[in-house]
Amino acid sequence: VNTNRPGIIGLSAAALTYAAAYGTSPADQTLVITNLGEVGFTYSNTVTYGSGASGWLTMAPETGTLAVGSGQSLTGTVTSASLTAGVYVATNTITSDATNSPQIVVVTLTVNAMAITVTAENNVKGYDGTTSATGMPTLTSGTLAAGDIGTYAETYDTMNAGTGKTLTPTATIMAGTTNVTANYAITPVTATTGEITTMAITVTAANNVKGYDGTTSATGMPTLTSGT
C-alpha cells in the first residue's frame with residue numbers, strides 16, 4: 001500500500017497586483033509554486049478574464065512538473081500599453097493531479113490616467129465679441145503615449161475688452177480616430193496677462209431739424225462711418 005501523501009500545491013501568493021500608467025506596461029511579477037506532498041505532479045495555468053479587456057496577462061511557464069519538495073517560479077507578464085485607464089481583473093487557475101487542485105491566483109491590474117500639464121500662452125486680440133484666442137497652449141510636463149496626438153486651444157475668461165485677462169487651456173487627445181482624452185489626468189495652467197483691445201469705430205451725427213419742444217432730443221439717426 002502506498003502511504004505517501006499525494007502531491008499538494010503550495011503557492012507563495014494567492015494574488016498579484018499590478019499598476020501602470022496609461023500607455024505603459026508594468027514590471028513582471030513572480031510567485032512560487034511548490035510541491036508540499038510526497039508524490040510528484042504536473043500542472044497547467046489557465047487565465048480567464050473579468051469584464052473589460054482580455055489577453056493582457058501571460059503566466060509562464062504555462063505547464064510544468066514538480067518533483068517532491070521542489071518549487072518553480074511562475075512569472076506574470078502584463079501587457080497593458082494599449083489598455084484604457086481603469087481596473088482589470090483576471091484569474092489564473094492552476095490545475096494538476098495534486099490533491100488540492102485547482103488553486104486560484106487573482107490578478108488585479110490598475111491602469112492609471114497619465115498625468116500631463118497643459119499651459120496657456122499669452123494672447124492679445126482686438127475685441128470681436130467672442131472669447132476665442134489664437135494662442136497655442138503647450139504641453140509643459142508629462143508625455144503622451146506613443147501614437148497619441150494632442151490638440152490644444154485656449155479661451156478668454158470673458159469677451160470684454162481689458163488687460164490682465166485669464167486664458168484657460170484645453171486639450172483633446174486622439175489615437176487615430178478615437179478620443180482618448182479620458183486616459184489623461186490633465187492639469188491646466190492659466191495665463192493671466194491676456195488682453196483684448198477696444199475696437200475703433202466712428203459714429204457721425206445726422207443733420208436734424210425740429211420745432212421747439214423744451215428738450216435737447218433729436219430724431220436724426222447717426223451712422224457708423226468707419227470701423228465695423
Side-chain angles (χ1 to χ4, degrees), residues 7-36 41-66 71-118 137 139-152 169-189:
I8 300 173
I9 299 171
L11 293 175
S12 62
L16 295 175
T17 302
Y18 296 81
Y22 166 72
T24 68
S25 294
D28 291 350
Q29 294 189 35
T30 61
L31 58 86
V32 177
I33 179 172
T34 55
N35 184 352
L36 303 178
F41 63 77
T42 60
Y43 68 88
S44 62
N45 292 291
T46 303
V47 178
T48 56
Y49 297 90
S51 60
S54 62
W56 49 266
L57 174 66
T58 301
M59 296 297 295
E62 185 176 348
T63 62
T65 300
L66 289 179
Q72 187 171 40
S73 292
L74 297 179
T75 300
T77 299
V78 167
T79 304
S80 56
S82 63
L83 299 182
T84 58
V87 178
Y88 302 86
V89 178
T91 300
N92 183 63
T93 302
I94 301 171
T95 55
S96 79
D97 48 1
T99 187
N100 61 339
S101 173
Q103 291 292 300
I104 301 297
V105 178
V106 177
V107 181
T108 303
L109 165 66
T110 301
V111 178
N112 296 304
M114 184 175 288
I116 61 173
T117 300
V118 178
L139 185 65
T140 50
S141 74
T143 57
L144 301 186
D148 288 359
I149 297 175
T151 301
Y152 310 107
T170 60
T172 301
I173 303 170
M174 303 293 291
T177 59
T178 302
N179 189 323
V180 294
T181 307
N183 295 305
Y184 290 85
I186 302 172
T187 299
V189 177

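We number each residue from 1, following the sequence as shown.
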Could you walk me through whether Thr65 and Phe41 satisfy the side chain to side chain contact (heavy atoms under 4.5 Å, CB included) test, starting with their C-alpha distance in whole Å, then the side-chain angles of each, then the deciding distance to 0.1 Å, before giving a yes or no? CA-CA 6 Å; Thr65 300; Phe41 63 77; over 6 Å; no
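- Under the ring pair (Phe, Tyr, Trp, His ring centres under 6.0 Å) criterion, Tyr43 pairs with no residue, sequence neighbours left out.
- The heavy-atom pair separating Leu109 from Ser80 by the smallest distance is CD2-CB, 3.9 Å.
- With a 4.5 Å cut-off on side-chain heavy atoms, Met114 and Asn183 do not count as touching.
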Verdict with supporting geometry, Tyr22 and Leu83, side chain to side chain contact (heavy atoms under 4.5 Å, CB included): CA-CA 7 Å; Tyr22 166 72; Leu83 299 182; over 6 Å; no
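- A ring-ring contact (aromatic ring centres under 6.0 Å, His included) check over residues 99-118, counting only residues at least two apart or in different chains, returns nothing.
- The distance from the CG atom of Leu57 to the OG1 atom of Thr79 is 9.0 Å, given to the nearest 0.5 Å.
- For the atom pair CD1 (Ile116) and CD1 (Ile186), the distance works out to 4.5 Å, reported to the nearest 0.5 Å.
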Derivation and outcome, side chain to side chain contact (heavy atoms under 4.5 Å, CB included), residues Thr42 and Asp97: CA-CA 7 Å; Thr42 60; Asp97 48 1; 4.1 Å; yes
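- Ile94 is listed as a side-chain neighbour of Leu11, based on a closest heavy-atom distance under 4.5 Å.
- Of all non-hydrogen atoms in Val32 and Ser73, the two that sit nearest each other are CG2-OG, 4.1 Å.
- Atom OG1 in Thr143 sits 7.5 Å away from atom OH in Tyr184 (nearest 0.5 Å).
- Side-chain atoms of Asp148 never come within 3.5 Å of backbone atoms of Val180 as a donor-acceptor pair (strictly under, hydrogens ignored).
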For Val105 and Leu31: C-alpha separation, side-chain torsions, deciding distance, then whether side chain to side chain contact (heavy atoms under 4.5 Å, CB included) applies. CA-CA 10 Å; Val105 178; Leu31 58 86; 3.8 Å; yes
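- Remark: Ile33 CD1 to Asn45 CG distance equals 7.0 Å, nearest 0.5 Å.
- Interatomic distance, CG of Leu74 versus CD of Gln29, reported as 13.0 Å (0.5 Å rounding).
- Of the N and O atoms on the side chains of Asp28 and Thr75, not one donor lies less than 3.5 Å from an acceptor on the other residue.
- Nearest heavy-atom pair, Ile9 versus Gln103, reported as atom, atom and distance to 0.1 Å: CG2-CG, 3.8 Å.
- Between Val87 and Thr108 the shortest side-chain heavy-atom distance falls below 4.5 Å.
- A 4.5 Å side-chain heavy-atom check between Thr34 and Leu36 finds at least one atom pair inside the cut-off.
- Taking both residues in full, the closest heavy atoms of Ile149 and Leu144 are given as C-CD1, 4.1 Å, listed atom of the first, atom of the second, then distance.
- Residue Gln72 places its CD atom among more than 12 non-hydrogen atoms of other residues, nucleotides or ligands, all under 6.0 Å distant.
- Formation of a donor-acceptor pair under 3.5 Å by the Asn179 side chain with backbone atoms of Met174 is not found in this model.
- Nearest heavy-atom pair, Ser25 versus Ala81, reported as atom, atom and distance to 0.1 Å: OG-N, 3.4 Å.
- Counting only distance, with no hydrogens or angles, the side chain of Ser101 and the backbone of Ala98 share no donor-acceptor pair below 3.5 Å.
- Of all heavy-atom pairs between Ser44 and Thr63, the closest is CB-CG2, 3.8 Å.
- To the nearest 0.5 Å, atom OH of residue Tyr49 and atom OH of residue Tyr88 are 12.5 Å apart.
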